[in-house]
Amino acid sequence: SVSDLLNKGWRSCATLSSHLRPTFPEGNAAFLAVESGPEAGGRRHEEGLPSDPDSSAKGLVFHLRDKKLQQRSVDMSTIIKHKEFPKFKSWTMDLCGRPLTIEVGKVAELASASAMVKYGDTTVLVAVTVAPRPRDGVDFFPLSVDFEEKLYAVGRIPGSFMRREGQPSLPAVLASRLIDRPIRPLFPSDLRNDVVVTCTVMSVDYDCSPEVTAMIGVSACLSYSDIPWNGPIGCMEVGYVDGQVVMNPNQEQKHRSQMDVTVAATMEKVVMIEAGAKEIPDEIMYEGIVKAHEEIKKQVAFINGIVAE
C-alpha cells in the first residue's frame, strides 16, 4: 500500500511512481502526484480529500485521478466529424435588387419536400408533407396551410406569463390564406390525400416581405416534390410611390405607397390578386399587375431550373 512504501522511506516521486505503476490494473491506470510542505495538509482539506493523519503528518498529499481525465489533453486520436449533407443544393437569383436564395437537402429531411428560403435577410423554413393514402369519407381536398410567426424572428421574447408563443395572430392567419388561395386551384380536383404546408419565419428583414418569401418557397417545394401540382407560381408585391409603380417596395416606400397589391401567377396567367388602394385610376392598377406578372415569369423560370436539376 502507499503507507507501507512511505514507511520504507520511498520519498522520491520518480521511484514511488515506478513502484506503484505495476499495482494498477491494465487499462485503468491512475495519475499520482505528490505534494510536500507545511501547506499540504490544508490544501488536502480544501480539495475534499479523505482524511489521512499519517500522510498529513508527513506533509505528503496524493492525488489519484482517473487516467481518462488526463487523456483529454493529450489524446487527440478522436476525430469528430460534422454531419454531411450530400443532397444539399443552393440556388440564387436577383429579385428586385435583393438576392433570393433557395436551399434544399439540409433541413426537414423527413418531409415530402422542404426548403430554406432567404430573401434579403428574411428567412423562412418551408416544409410540405403529403399523406401516402387518400383520406376516407371526404369529398374535398384536405389542404392545410400554416404560416407560423415567431417572436425570435424579430429579436423579441414573448411577454406573456407563460413566456410562450400564443395563438396565431391575425396577420399570420391572413398570410396563410394568402398562400392557400393561389395554390389550391392548381391541385387535381380529385386529390384526397392530406397535404400540410408549414411556413416558419426564422428571421425578418422589414424591407423583404416574409409572405412573398414563403409563397415562393411553397411553390418551389410543391414543384420538386412528388405531389401532383400544376405549378409553379411566383409572387410579387406592387406599390405606387411618387407616380411610379414599384415592385416589392421596402418599408419606407410602403408607408408612402398609394396602393398595396399582391399578385400570384403562373407563367401563363395571373391566379390571385389581393389589392387595396387610395382611389387610383384603373390604368395604374392594371399597369402594376402586368409588370408584376413579367417579374413573376422570372421566378417561375428560376423554379423550373431548380426542378430540372
Side-chain angles (χ1 to χ4, degrees), residues 82-83 85 87-111 113-129 144-160 162-180 183 196-224 232-239 246-255 257 260 262 264 274 295-296 299 302-303 306:
H82 295 284
K83 182 178 179 180
F85 301 93
K87 297 182 180 180
F88 173 75
K89 291 186 178 181
S90 177
W91 299 268
T92 303
M93 68 167 289
D94 181 79
L95 181 60
C96 299
R98 283 155 279 181
L100 172 68
T101 302
I102 298 178
E103 300 176 350
V104 301
K106 197 171 185 178
V107 293
E109 295 178 89
L110 296 182
S114 63
M116 187 72 78
V117 188
K118 302 176 182 178
Y119 183 35
D121 288 333
T122 296
T123 305
V124 180
L125 170 61
V126 180
V128 177
T129 307
S144 175
V145 178
D146 186 15
F147 184 88
E148 297 183 355
E149 293 178 329
K150 299 296 184 182
L151 286 178
Y152 60 70
V154 292
R156 294 175 55 191
I157 299 175
S160 64
M162 298 299 294
R163 291 294 189 272
R164 296 291 186 272
E165 302 280 353
Q167 64 182 6
S169 63
L170 179 60
V173 174
L174 295 178
S176 300
R177 296 176 181 176
L178 184 72
I179 298 171
D180 183 285
I183 67 174
V196 178
V197 176
T198 306
C199 307
T200 306
V201 181
M202 311 299 290
S203 63
V204 173
D205 179 355
Y206 290 105
D207 292 334
C208 301
S209 168
E211 292 83 3
V212 171
T213 308
M215 189 179 298
I216 296 173
V218 170
S219 174
C221 290
L222 289 174
S223 298
Y224 86 82
I233 63 172
C235 180
M236 291 292 294
E237 288 186 343
V238 185
V246 181
M247 296 292 108
N248 284 356
N250 56 35
Q251 187 180 30
E252 189 271 334
Q253 291 173 330
K254 286 181 180 180
H255 290 314
S257 178
D260 181 13
T262 303
E274 184 177 273
E295 292 293 329
I296 287 175
Q299 301 176 21
F302 174 62
I303 295 175
I306 294 176

TODO: For the residue pair Tyr119 and Val124, establish whether any side-chain heavy-atom pair is separated by less than 4.5 Å.
DONE: no
Open item on the list: Which heavy atom of Ala108 sits nearest to which heavy atom of Ser114, and what is that distance?
Closed with: O-OG, 3.2 Å
TODO: Hey, could you give me the OG1/CE distance between Thr213 and Met116, rounded to the nearest 0.5 Å?
DONE: 12.5 Å
Task: Gly120 versus Cys208, closest heavy-atom pair with distance - done: CA-SG, 3.9 Å
Open item on the list: Contact between Lys254 and Asp260 at the side-chain level, heavy atoms closer than 4.5 Å - yes or no?
Closed with: no
Open item on the list: So Ile183 and Val145, do their side chains get closer than 4.5 Å, heavy atoms only?
Closed with: yes
TODO: Please round to the nearest 0.5 Å and tell me the distance separating atom CD of Glu237 and atom CD of Glu295.
DONE: 13.5 Å
Task: Nearest-0.5 Å distance, NE2 of residue His255 to CD of residue Gln251 - done: 4.5 Å
TODO: Test side-chain contact (heavy atoms from CB on, under 4.5 Å) on Ile306 and Ser223 and set out the steps.
DONE: CA-CA 9 Å; Ile306 294 176; Ser223 298; over 6 Å; no
Task: Point-to-point distance, once rounded to the nearest 0.5 Å, from CD of Gln253 to CG of Asn250 - done: 4.0 Å
- [ ] For residues Ile179 and Met215, report the shortest heavy-atom separation together with the two atoms involved.
- [x] CA-CE, 4.0 Å
- [ ] Over all heavy atoms of both residues, which pair between Ser257 and Gly239 is shortest? Give the atoms and the distance, please.
- [x] OG-CA, 3.3 Å
- [ ] Can you see which heavy atom on Val218 is nearest to which on Cys199, and at what distance?
- [x] CG2-SG, 3.5 Å
- [ ] Apply the side-chain contact (heavy atoms from CB on, under 4.5 Å) test between Lys118 and each candidate in Thr101, Thr92, Ile102; give the one that qualifies.
- [x] Thr101
Task: Over all atoms of both residues, closest heavy-atom pair of Val212 and Cys235 - done: CG1-O, 3.6 Å
Open item on the list: So Leu100 and Val117, do their side chains get closer than 4.5 Å, heavy atoms only?
Closed with: yes
Open item on the list: Nearest 0.5 angstrom please: Ile216 CD1 to Ile303 CD1, how far?
Closed with: 6.5 Å
Open item on the list: I want to check something: taking the side chain as every heavy atom from C-beta on, are Phe302 and Leu95 in contact at a cut-off of under 4.5 Å?
Closed with: no
- [ ] Identify whether the distance between the nearest side-chain nitrogen and carboxylate oxygen of Lys87 and Glu109 falls below 4.0 Å.
- [x] no
Open item on the list: Could you go through Tyr206 and Val154, starting from their C-alpha distance and side-chain angles, then the distance that decides it, and tell me whether this counts as side-chain contact (heavy atoms from CB on, under 4.5 Å)?
Closed with: CA-CA 9 Å; Tyr206 290 105; Val154 292; 3.5 Å; yes
- [ ] Flag yes if more than 12 heavy atoms outside Phe85 fall under 6.0 Å of its CZ atom; otherwise flag no.
- [x] yes
TODO: Would you check, one step at a time, whether the test side-chain contact (heavy atoms from CB on, under 4.5 Å) holds for Phe147 with Val201?
DONE: CA-CA 8 Å; Phe147 184 88; Val201 181; 3.5 Å; yes
- [ ] Answer yes or no: is there a side-chain heavy-atom contact under 4.5 Å between Met236 and Asn248?
- [x] yes
TODO: Hey, could you give me the OG1/CG distance between Thr122 and Asp207, rounded to the nearest 0.5 Å?
DONE: 8.5 Å
Open item on the list: For Asp205 and Arg98: C-alpha separation, side-chain torsions, deciding distance, then whether side-chain contact (heavy atoms from CB on, under 4.5 Å) applies.
Closed with: CA-CA 11 Å; Asp205 179 355; Arg98 283 155 279 181; 5.7 Å; no
- [ ] Ignoring hydrogens and angles, state whether a donor on the side chain of Glu211 or Thr262 is under 3.5 Å from an acceptor on the partner side chain.
- [x] no
